[in-house]
Amino acid sequence: MHFPVELALGPARLPVHLLCEVLAYSLGYRLYTHLRAGHADRISSAHRQWIFVGAAAGALLGSRLLGLLEHPELLAHPPGGWVYYFTNKTIVGGFLGGLIGVELTKKRLGITASSGDLMVFPILLGLSIGRLGCFFSGLEDGTYGTATPLPWGIDFGDGIRRHPTNLYEILFLGALALLLWALERWRGPLADGRRFQLFLSGYLLFRLLVEFIKPTAALPGLGLTAIQWACVAGLGYYVWVWTKRVMKNALAID
């Protein structure tokens, strides 16, 4: 296999990464509409649309901001000029920015019900397909791992066998989807909002760990990369949320 993988359409060549992105969005949305049709939704369609707007705006800003903070040394002299500020992005920043955007929108609308539970499995599906596209992009995508002597290391075209961190993530997402499905089959429906909390906290923990085998350098004097610190912040937020809930329940029992 030669990277990046492209599809030949006559004289034109279509990057597989682009095809995977289109499939990720379309199939993820189709799964969401299917799940919503089969479940009672406590949030109206009008409010859902505003929540999507808040999520999209927050995800766009968070993704771009964290993407820029990954390489602060390039901010003063961006490669490729000013376009660099609008093309650098990261999924972790998108999730955390989207979370902030959703919570602010829900507060504005007075919504207390979870809006993320229905999105978990569509996100898992779309993210897995998208990561497959990242894998087929090889070195161009920048999501590959560090060099490894392990037998499953992959040469993306530069003669160095690397950790296929894209594939690691797909395996993790599949395992997480199976775990959440089995948990709800075994224990019944989770508490409102718990499915999304488990999904995002699990993903943040995975990214915190997998970044150790990626070539991105830690921030000067801080020991971790920008993405890892964002993961720590997100995990800290959920620890605070769960601790607050436990204390509230304890006080209610007393």
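The model shown is predicted, which means the values in this text are computed figures rather than measured ones.
- Checked against side chain to side chain contact (heavy atoms under 4.5 Å, CB included), Val232 has the following partners two or more places apart in sequence or in another chain: Leu208, Leu224, Trp229.
- The aromatic ring centres of Phe135 and Tyr144 sit 6.0 Å or more apart.
- If you chain together ILVMFWY residues whose side-chain heavy atoms come under 4.5 Å of each other, Val22 ends up in a group of its own.
- Connectivity analysis of hydrophobic side chains (ILVMFWY, heavy atoms under 4.5 Å, direct or indirect) links Leu69 to Leu65.
- Classification of Asp192 and Arg42 as a salt-bridged pair holds, one side-chain N sitting under 4.0 Å from a carboxylate O.
- Remark: aromatic rings of Tyr203 and Phe95 are close, center separation under 6.0 Å.
- For Lys89, the side chain to side chain contact (heavy atoms under 4.5 Å, CB included) partners are Ser63, Arg64, not counting sequence neighbours.
- Counting heavy atoms from C-beta on, the side chains of Ile91 and Arg131 come closer than 4.5 Å.
- The salt bridge (charged side-chain N to carboxylate O under 4.0 Å, His left out) search around Asp155 returns none, not counting sequence neighbours.
- Aromatic rings of His163 and Tyr168 (six-membered ring for Trp) have centroids within the 6.0 Å cut-off, being under it.
- Applying the ring-ring contact (aromatic ring centres under 6.0 Å, His included) definition to pairs two or more places apart or across chains, those involving residues 4-33 are Tyr32-Phe52.
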(message) Show, in sequence, the C-alpha distance, side-chain angles and deciding distance for Glu103 and Lys107, and conclude whether the salt bridge (charged side-chain N to carboxylate O under 4.0 Å, His left out) test is met.
(response) CA-CA 6 Å; Glu103 292 304 320; Lys107 184 176 182 179; over 6 Å; no

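- Note on Phe206: it clusters hydrophobically with Trp152, by side-chain heavy-atom contacts below 4.5 Å among ILVMFWY residues.
- Between Ile111 and the choices Val102, Thr105, Ile43, the side chain to side chain contact (heavy atoms under 4.5 Å, CB included) rule is met once, by Ile43.
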